[in-house]
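Notes follow once the structure below has been shown.
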Amino acid sequence: NFREAERKWQAAWAERRCFEAAVDDTRPKYYVMEMFPYPSGRIHMGHVRNYTLGDVIARFKRARGFNVLHPMGWDAFGLPAENAAMEKKVHPATWTYDNIATMRAQLQSMGLSLDWSREIATCHPEYYRHEQAMFLDMLEAGLVYRKEASVNWDPVDQTVLANEQVIDGRGWRTGAVVERRKLAQWFFRITAYAEELRLALEGLERWPAKVRLMQENWIGRSEGARALFPLAGRPDSIEIFTTRPDTLFGASFVALAADHPLALELAAGDPALTAFIEECRKTATSAEALETLEKKGHRTKLEVVHPFDPNWKLPVYVANFVLMEYGAGAIFGCPAHDQRDLDFARKYGLPVKPVVIPPGADPAGFRIDDVAYVGDGRLANSAFLDGLDVPAAIDRAIRRLEEIGAGERMVHYRLRDWLVSRQRYWGCPIPVIHCEACGIVPVPKSDLPVRLPEDVTFDRPGNPLEHHPSWKHVSCPRCGGAARRETDTFDTFVDSSWYFARYCSPRADKPVEAAAARYWLPVDQYVGGVEHAILHLLYSRFFTRAMRRIGLLEFDEPFAGLFTQGMVCHETYRDGEGNWLLPEEVTKAADGRLVTVADGGPVEVGRSEKMSKSKKNVVDPSEIIQTYGADTARWFMLSDSPPERDLEWTEAGVEGAWRFTQRLWRMVEGALEDLGLRNARPGESVNGENLEAEGASMKLRRATHKTIAGVTEDIERFRFNRAVARIYELANTIDELAPSASAHVRRETLESLVRLLAPMMPHLAEELWHRLGHGGLLADQPWPEADPALVIDDSVTIAVQVNGKLRSTISLPRDCPREVAEQAALADENVARARAGKPVRKVIVVPNRIINVVV
RNA sequence: GCCCGCUUGGUGAAACUGGUAGACACAAGGGACUUAAAAUCCCUUGGCCGGCAACGGCCGUGCCGGUUCAAGUCCGGCAGCGGGCACCA
């Protein structure tokens with residue numbers, strides 16, 4: 001019957017449109033949003049945790065008087081839909097919309113306080129048409145460009161991967177070894193905002209420090225200089241980037257990346273170098289190889305001239321530890337002050353000349369053995385830099401480079417521009433046309449959206465848009481001649497970079513409606529997994545700025561508050577043959593050991609890990625909701641672990657949560673059998689009673705109001721597990737005191753308990769509220785207020801220590817004078833015994849907390 | 001390798017800015033009710049020691065050391081686990 005009750009209240013909320021938000025300038029707004037799901041087929045426990053956390057916040061803020069926006073949508077473009085199309089012969093759109101229908105019903109069964117009227121799906125033309133329009137504006141604003149780029153090509157998916165999507169040299173989805181190809185690609189100019197994105201991190205006070213740090217490292221600012229080393233006997237130079245221009249006089253070689261244009265040029269006439277470059281490309285990919293990789297180089301026949309000394313020539317190597325993607329793809333090596341350069345120099349017999357002398361060391365006698373010196377000191381053997389400390393020498397060296405035209409000061413960022421082209425069907429089409437005569441021509445806005453064709457096939461690899469008989473053949477909007485439509489689609493991170501803004505005005509005929517955006521944005525609280533700590537959040541931060549640039553938004557940071565939840569974990573099981581087993585395939589035998597359900601065979605229990613299909617340690621949320629109800633699932637999600645930490649899903653824990661729902665039910669039903677309570681009204685008589693005369697009533701009232709205050713603070717601070725513990729405590733206190741408390745107080749307590757439960761177990765709370773005789777919906781009720789006078793006790797229990805060891809506790813009036821407390825402590829017999837007659841040297845009194853007698 | 005974080009009973013965890021360590025829950029054990037089981041209710045539950053008992057003592061928050069009247073909390077060192085980045089010039 002609880003499942004019927006849950007459905008009944010879900011229907012009641014929907015009918016009353018409780019959670020549909022509208023702009024209301026008279027009320028403070030609160031925009032809470034969880035990361036929208038990819039419609040993969042069914043929801044998993046990670047979703048349940050994510051949306052439960054967000055829903056507690058949403059319902060709580062609503063009860064606190066905020067005008068809450070709590071929307072939901074679907075990150076609906078992406079690879080799995082195409083994979084399904086190939087495997088199951090179902091159209092990606094059909095597959096996606098079917099999954100959305102299933103998952104929407106699943107989410108609705110959780111009783112989330114979502115505004116479904118604002119639902120969006122990124123694969124819908126009414127969503128992506130606006131993305132295309134913004135792209136065109138950004139293109140015009142210079143935030144987008146196209147360039148021929150060496151890209152990571154996934155040979156299995158036949159698509160380009162972002163650097164971020166290449167893990168250990170393999171595609172992050174397919175695991176295929178990534179190849180390099182040159183293709184013309186679309187980029188967002190995120191690096192133009194590198195410094196702004198970095199600096200603004202400091203202002204994100206309600207973000208986890210960890211996430212801010214990860215973004216900071218990802219942006220990777222380093223200050224240094226660009227320097228040119230002229231090639232001996234050639235007119236051109238090698239450009240390098242260094243953070244240590246002070247050590248230029250300690251240089252002993254220059255090294256190029258294997259993909260450096262000069263290296264490739266030299267390789268043409270040098271089979272050994274060609275082989276070496278091939279080797280670099282192979283080995284520089286796997287993580288284990290990197291770990292143990294020996295620093296290797298190939299000496300070229302070239303030499304460079306030192307920028308500060310025309311007579312000083314240095315050898316040029318191609319080295320396996322220099323990356324083309326970072327800096328200029330070339331370095332100068334200073335073995336004395338860089339460990340990696342030192343290893344390299346020792347291997348190839350290159351000079352090691354110390355130029356930074358540690359404080360106190362003798363410049364003439366200072367030698368480097370196996371360990372490079374990277375600390376501070378005074379410059380030596382360095383001509384005009386001699387005697388300077390490191391920061392001064394860096395500055396001086398850069399100024400000299402600039403004076404002689406051999407380089408300049410430079411800040412380098414690790415962050416690279418965002419490659420958004422994907423050679424895929426199931427994504428937002430990039431709205432441009434390629435014309436032989438006019439070049440790249442934007443699709444006129446009046447022609448938007450550029451819709452995906454529906455008649456596509458997936459019977460061969462590559463991009464179906466490319467294969468489509470007619471879709472790409474268009475006439476040029478500018479000259480009218482034959483032209484070709486762009487067949488690349490956007491990286492799905494583009495879709496998710498602005499959906500938070502679209503929720504504000506999901507049906508508007510422009511990307512965002514200004515008044516709605518002004519009212520609702522930025523998002524007050526964003527809740528999601530830490531796996532999106534870098535890419536999604538950084539792209540959204542960039543996109544917000546890009547939208548500001550094209551006049552759509554008036555602020556920079558999309559998410560004022562961020563909460564990253566932990567993962568949902570479960571033990572792993574294997575049978576005797578080492579095959580993974582689902583939790584439901586395992587059962588407890590009579591002797592307490594775990595055995596397989598199938599044949600009673602032995603089960604090996606592995607450590608608890610994130611729920612994953614590959615290890616089969618998954619529990620289906622629908623089955624839990626079916627068996628125990630949504631409230632039980634929600635309550636368990638909140639109860640044991642702090643939300644930021646990983647949560648261990650256990651059957652026993654779920655049953656504990658289930659038992660508590662039953663206990664609450666019995667508690668209210670039992671109380672209502674008492675006619676006095678049934679007729680009592682809270683608030684009316686409670687304050688009039690002579691509560692002092694009724695110890696239990698007074699104690700129960702105090703416990704109630706302390707719980708209200710505590711739970712309020714705990715929810716405010718996302719300490720849901722503590723809020724849960726407080727509610728258990730109050731339930732225990734009710735069982736203990738209610739029999740001897742007055743009917744009015746019992747009613748007040750039960751009603752408070754039910755109201756505190758509402759954000760976490762909304763259905764049960766609604767049902768109990770109704771049973772307690774209320775006509776309206778609890779969802780429309782304000783949050784209970786704690787009476788401050790009842791939260792603070794008149795008397796306090798104070799611990800008494802002797803020499804720092806607890807010896808007794810005494811009860812004293814709150815805020816009693818220091819002397820009184822001291823006297824009471826000294827008068828205590830346990831204290832006297834512990835003193836053993838020794839004279840008191842000192843008494844430390846911490847008011848209302850502790851007294852320490854030092855003897 | 002660099003940068004972060006964590007380490008508390010059998011388990012998940014509490015303990016506010018240094019002030020009664022283990023709230024709350026799970027598990028376990030004992031008891032009541034029951035023909036029986038389930039459900040429910042009551043009791044015990046960090047370790048060791050003393051006492052018939054009320055109770056009292058000693059030890060205890062990964063390890064070593066320090067600061068302090070007082071340290072899970074602060075400082076220094078070490079170990080283990082987890083995360084992020086990674087030949088980053």
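Lettering follows sequence order; numbering is per chain, from 1. The model shown is predicted, which means the values in this text are computed figures rather than measured ones.
In the set B/G12, B/A15, B/C3, the nucleotide with an atom closest to the side chain of A/Asn217 is B/C3. Distances were taken from every side-chain heavy atom of A/Ser641 (C-beta onward) to each of B/G57, B/G12, B/A86; the shortest belongs to B/G12. Looking at the side chain of A/Arg849, the nearest of the listed nucleotides B/A89, B/G56, B/C16 is B/C16. Minimum atom distance to the side chain of A/Ala725 is reached by B/C24, of the listed B/U20, B/C3, B/C24.
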Each nucleotide of nucleotides 65-70 of chain B classed B (base within 4.0 Å of a protein heavy atom), S (only sugar-phosphate) or -, in 5' to 3' order, makes ----BS
Quick tally for nucleotides 38-48 of chain B: nucleotides whose base has a protein heavy atom under 4.0 Å get B, sugar-phosphate-only ones S, the rest -, giving --SS-------
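Using a 4.0 Å cut-off, some side-chain N or O of A/Asn732 falls inside it from OP1 or OP2 of B/A25.
At a cut-off of 3.5 Å, with distance as the only test, a side-chain donor of A/Ser608 or A/Glu648 sits close to an acceptor on the other residue. A side-chain donor from one of A/Gln215 and A/Arg541 sits under 3.5 Å from a side-chain acceptor of the other. Counting only N and O atoms by type, the side chains of A/Asn617 and A/Thr572 include no donor and acceptor under 3.5 Å apart.
Residues A/Arg634 and A/Ser639 form no side-chain contact, since every pair of their non-hydrogen atoms from C-beta on lies 4.5 Å or further apart.
In terms of position along RNA chain B, the nucleotide closest to A/Asn830 lies nearer the 5' end than the nucleotide closest to the other residue of the pair A/Asn830 and A/Phe332.
Contact annotation for A/Val322: base contact, defined as any heavy-atom pair under 4.0 Å involving a base atom.
For B/G83, the base adopts the anti conformation, since its glycosidic angle falls more than 90 degrees from zero.
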